[in-house]
Amino acid sequence: MTQEFTTVHALTLVLIGLLNFALAVVVLRSRSKTDIVPLSAFFGGIALWTIPQGFLLLESDPTIGFVLAKTVDSGAVIMSTGLFHFALSYAGRRDWLSPRRLGTLYFITAGWVVLTWTNPAHGLMHDPTSFTEVLLPVEAYQNSVYWLYVLYNWGLSAGGIYLFFFEYLDARGSGVYHKQARLVVLAPLIPGLANVLAHNQITEINYSVWGFGLTGLLIVIALYRYRWLDLVPIARDTVIDGMRDGYVVVDDERRIVDLNAAAQSFLNAENALGTPIGDVLPECSSLFVGTENELTFDRNGAIVDARVSDISDERADGVVLMLRDVTDQRRAEKRFQALIENVSDVITVVDQDGTITYTSPSITSVLGYRPDGRIGESLFELIDAEDRAEAIDEFHALCDGPNSETRFEYRVRHADGSLVALEGVAVDLLDNDIVDGVVINSRDVTARNDRERELERTNQRLEEFAGVISHDLRTPLSIAQTYLRFAETSSGPEDFQAVRDAHNRMERMITNLLTMAQTGTTLTDPSPIALESVVADAWDMTQRADATLECTLDDGWTVVGDRAQLLHVFENLFHNSLEHGPSDDRNGTQAADAAGDERCAVSPDCGDSSITIRVSHLDDDPDCGFVVEDDGVGIPDEQREFVFERGHTTSRDGTGFGLAIVHDVIEAHGWQIDVSEGTDGGARFEISTERCGSPAQPQRIPE
């Protein structure tokens, strides 16, 4: 071998070593995964094996030659160990990657490094040699332990190449993974084959060191052209077999060519490979004829969602059938649907324009509409006109603003035309791909609002009662006490009469207070009432010698209502006329109060003048209501708007509650009362039923 030949080869070996050293550094700097470290060790081992051999071709000093030769031996065992370790990681052989097994592997490798560097002390590896211009010049001086070292290296290298080869066979398709696998197999195989040929003296020179130059070149191509390590294929057994979803690969003849464990659980065959898909999974036959690409079926007590997608490679075409157990999901969906369909709240979904896309079945019981009856219509059309503008503003603020939820209370039109108060929460789920809308949860709070208003009314009455008791009752009580003292000393009949009048007024006030507490709320048990008999009974309790009643109501004419409350209406209307109506007392002003006393019945102050009270049909039409009027002094125009207010009276003895009671009872019946001038100049009270010709229905007092 000439000096020129040796220098050229020495230079190429050093360059090859530097290339692999650079790859070791690049891999470590660009990748942080722990399974990349053995790959870097593989490249580093190649550098330690090739660079010293380049210098051995030129160096004749025994000491330097020994160091270079031991570096070569150490690089060889590091290279083979790194190759095997990385192949285990690349192939996903997790059982071999346990700390205990890897620790044993690297412990043996470290032992070989120590053994080769201490060879002068024990001579187990080889006899002393001279290092001249011969590549790997130690073959003739090797001992048996050295061959065990070589066998260890070859075994690890062969194991790594074996794992890469099976990854190549397992790489499906003709894509980048398949091309990566080819390079990964060839990269260690070329220098390994050259080494085998040299040690069996088939080749005169060991070309394996230059073969590692091709290894580095192939790795560079894999890294930068096929993005090796960026797109490292994960082992099929680790990923596919570990998937919860089942997958079945079917070839162009509809035969099963591959499947995972999850798919096997859906089939009725233990070994389905090679079996026509229609024999083991007939439910999915329609997926392979192009009519549909997704369906759901029951299999072995489970609900299975199946879908297909086409695949192809350079060898064949086929279909992947994905199978997913959706039993728990469907049960959850059915449970959620059952909850939605059976709750009393109304669930509504609208799009960003306010158009209804879904309503729950409870809309029928709350608003009287079918669940699909309002879909496609604007939600705002259901909201009462007085609340609509506010609802639109709040809806846009919800969709455009930072808050994803808002609370509301609006009145909504029922199917029968009435108004229902709804309270609820609106949540913006327009960005949710499944819902894609604003979800509104509403509940009927009409009854609750009525109770609150009734409670307010009750509290108001309690305050009024407290005012009457604390003020109005004290006045006649004080009068009675004063005249009682007068009577005790004078024994005059006029003093006793004053006491009697005061007591009568207190009794009337107490009666009115009790009446107000019992009337004017709701009609709980209305029934047909012959109104003529109510008028007669009320007159029996209020009539006076100088008063006349004319009743022209039709015999047997009835209204639906509460007889006891209607009796209070006529009593108070009659008392109001008698209290303020005698025609000879026209210098006074008729006050709108029925809580007067019986002064005219026991005192000559009223004179002998008479008054006539008439009860007749409104507009002479029995279907429209009735009228109570007198021929007294009437009610001035400026007083008429106040006559039904509680506590309003112009009479010295009045309580101001009589006509307020009348107003409450009339409205509780759903009727309407108006005051005007009578036919003969007196007071006229017109009571219309609002539903002319229809019986009155129980109603709450409107605010």
Interatomic distance, [X] atom [atom1] to [Y] atom [atom2] [nearest 0.5 angstrom]:
X: I46; Y: I16; atom1: CD1; atom2: CD1; value: 10.0 Å
X: F408; Y: T406; atom1: CZ; atom2: OG1; value: 8.5 Å
X: D305; Y: T296; atom1: CG; atom2: OG1; value: 4.5 Å
X: T50; Y: L19; atom1: OG1; atom2: CG; value: 9.0 Å
X: I440; Y: F395; atom1: CD1; atom2: CZ; value: 6.5 Å
X: L151; Y: S144; atom1: CG; atom2: OG; value: 12.0 Å

Between [X] and [Y], what is the shortest heavy-atom contact and its length?
X: F43; Y: N20; result: CB-O, 3.2 Å
X: A76; Y: N153; result: CB-ND2, 3.8 Å
X: L156; Y: S80; result: CB-O, 3.6 Å
X: T71; Y: V67; result: OG1-O, 2.7 Å
X: R407; Y: E394; result: O-OE1, 3.9 Å
X: P52; Y: A47; result: CD-O, 3.7 Å

Just wondering, more than 12 heavy atoms not from [X] lying within 6.0 Å of its [atom1]?
X: R254; atom1: CZ; answer: yes
X: W117; atom1: CH2; answer: yes
X: D431; atom1: CG; answer: no

My understanding is that only residues two or more places apart in sequence, or in another chain, count here; which of them pass salt bridge (Lys or Arg N to Asp or Glu O under 4.0 Å) with D428?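 With neighbours one apart ignored, the set is empty.
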Should V308 and V250 be marked as a side-chain contact (heavy atoms from CB on, under 4.5 Å) after you check the CA-CA gap, both sets of side-chain angles, and the distance that decides it? CA-CA 10 Å; V308 296; V250 181; over 6 Å; no
Side-chain contact, heavy-atom cut-off 4.5 Å: [X] with [Y]?
X: V439; Y: Y358; answer: no
X: V319; Y: L287; answer: no
X: D436; Y: T357; answer: no

Would the distance check show the side chain of [X] and the main-chain N or O of [Y] forming a donor-acceptor pair, the cut-off being under 3.5 Å?
X: T355; Y: D351; value: no
X: T81; Y: I78; value: no
X: S74; Y: V113; value: no
X: N260; Y: Y247; value: yes
X: D73; Y: T116; value: no

Which residues satisfy the ring-ring contact (aromatic ring centres under 6.0 Å, His included) test with Y149, sequence neighbours excluded?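 Checked Y149 against ring-ring contact (aromatic ring centres under 6.0 Å, His included); matches are W112, Y146.
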What I want to find out is whether D245 reaches R324 closely enough, with some N-O distance under 4.0 Å, to be called a salt bridge.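 Here D245 pairs with R324 in a salt bridge, since their nearest N and O are under 4.0 Å apart.
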Let me check something: any side-chain donor-acceptor pairs from residues 99-108 under 3.5 Å, sequence neighbours excluded? List them with distances.
{"unit_1": "T104", "atom_1": "OG1", "unit_2": "R100", "atom_2": "O", "d": "3.0"}
{"unit_1": "Y106", "atom_1": "OH", "unit_2": "H85", "atom_2": "ND1", "d": "2.7"}

